[in-house]
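Have a look at the structure below, then the notes.
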Number of protein chains: 2
Amino acid sequence: MAYAEVFSALADPTRRHILEALRHEPKTVGELAEGQPVSRPAVSQHLKVLEAARLVSVEPRGNRRLYLVRWDGLEDLRQYVEHFWSDVLSAYGAEIARRAEKT
Amino acid sequence: MAYAEVFSALADPTRRHILEALRHEPKTVGELAEGQPVSRPAVSQHLKVLEAARLVSVEPRGNRRLYLVRWDGLEDLRQYVEHFWSDVLSAYGAEIARRAEKT
DNA sequence: CATCTTTGTAAGCCATCGCTTACGGTAAGG
DNA sequence: CCTTACCGTAAGCGATGGCTTACAAAGATG
């Protein structure tokens, strides 16, 4: 899994805003660019990064391109965080138990 | 919440390795640097970034400094991903329902 | 007190990033 | 057709990132 691509994709504020704008429904590049403080080509470049990170996908609609959040890419991220989280938590619990045992 | 700091901290492979090395037990800078392909000062700089992102914390032990994973910082990240995840999922479910209704 | 160990910080260098403007290509519409 | 709308890509520029080496500070150790 290429976590570097996913995390660095989410590191940029504009990219997170774009992704959050796609949370509820797919949108075209123009619609996405309208809500952002940067130019439309910049949004295109951001979308390219998000696509490489498997966080969005495209569906051509005639002249336009409809971008939407990718289900599976998000799931991978979720699992990574969840896994790490449970590891830290269990280590924390083991440490507590070790201290209790030492009394 | 400063998600940019968290995600850009996790974007770097070396920083992820450092964090994963701290998953089960705290370690000193020297111990952490030993497992990495970069110099010890580089590890120090990475730890500074991880600390600013609230992903690790420090406990001075005499001459050394013991680094450990921060519980709450990780929880914030987990909640962000989980929240986003559920949003996308519910939107996905609503779309399915809308299509079923249109038959 | 002198020395060694452990670590953070400063400076400098090269690569990468994010932005803009300019351009090309393809679909839509008169 | 000819023009307009929508979008991706190339080029170039300033800013940021990650690394190294060199140095400084502070505790451990004799």
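Lettering follows sequence order; numbering is per chain, from 1. Keep in mind that what you see is a predicted model, and the values were worked out from it rather than measured.
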- [ ] Please report, rounded to the nearest Å, how far the C1' atom of D:dC19 is from the CD atom of B:Q36.
- [x] 14 Å

TODO: May I ask you to evaluate whether B:Y67 reaches the phosphate of C:dT6, defined as a side-chain N or O under 4.0 Å from OP1 or OP2?
DONE: no

- [ ] Please state how far atom CG in B:L10 lies from atom P in D:dG17, giving the value in whole angstrom units.
- [x] 15 Å

N/O donor to acceptor pairs below 3.5 angstrom from side-chain atoms of residues 27-35 of chain B, sequence neighbours left out:
{"residue": "B:T28", "atom": "OG1", "partner": "B:E31", "partner atom": "N", "Å": "3.3"}
{"residue": "B:E31", "atom": "OE1", "partner": "B:T28", "partner atom": "N", "Å": "3.0"}

- [ ] Figure out the CG/P separation between A:D12 and D:dG17, and round it to whole Å.
- [x] 11 Å

TODO: Could you check if a side-chain atom of A:R16 sits within less than 4.5 angstrom of a side-chain atom of B:F7, using non-hydrogen atoms only?
DONE: yes

- [ ] Starting from P on C:dG18, measure out to CZ on A:R16 and report it in whole angstrom.
- [x] 12 Å

- [ ] Would you check if A:V69 and A:L55 make a side-chain contact, meaning some heavy-atom pair closer than 4.5 Å?
- [x] no

Enumerate all atom pairs, one protein N or O and one N or O from nucleotides 4-6 of chain D, separated by less than 3.5 Å.
{"residue": "D:dA5", "atom": "N3", "partner": "A:N63", "partner atom": "ND2", "Å": "3.3"}

Open item on the list: Can you tell me whether the side chain of B:E31 and the base of C:dT6 have a donor-acceptor pair closer than 3.5 Å?
Closed with: no

Task: Electrostatic pair B:E95-B:R98, nearest N-O below 4.0 angstrom - done: yes

Task: Nearest-angstrom distance from the residue atom NE2 of A:H46 to C1' of D:dT9 - done: 15 Å

Open item on the list: Please confirm whether the shortest side-chain N or O distance from A:S39 to OP1 or OP2 of C:dC19 is below 4.0 Å.
Closed with: no

- [ ] Would you indicate what B:R15 reaches in the nucleic acid, counting non-hydrogen atoms under 4.0 angstrom: base, sugar-phosphate, or nothing?
- [x] sugar-phosphate

TODO: Specify the separation, in whole Å, of atom NZ of A:K48 and atom P of C:dT16.
DONE: 15 Å

Open item on the list: Could you check whether B:Y67 and B:R65, counting side-chain N and O atoms only, form a donor-acceptor pair closer than 3.5 Å?
Closed with: yes

TODO: Rounded to the nearest angstrom, tell me the gap between atom CG in B:L66 and atom P in D:dG27.
DONE: 17 Å

Task: Electrostatic pair B:R23:B:E20 at N-O distance under 4.0 angstrom - done: no

- [ ] Whole angstrom is fine here: how far is it from CZ in B:R61 over to C1' in C:dG8?
- [x] 19 Å

TODO: Please figure out whether A:S8 or A:G62 has its closest DNA chain C nucleotide nearer the 5' end.
DONE: A:S8

Open item on the list: Applying the side-chain contact (heavy atoms from CB on, under 4.5 Å) criterion to A:V81, which one of B:L10, B:L77, B:L74 satisfies it?
Closed with: B:L77

Task: Base D:dT20 to side chain B:Q45, donor-acceptor N/O within 3.5 Å cut-off - done: yes

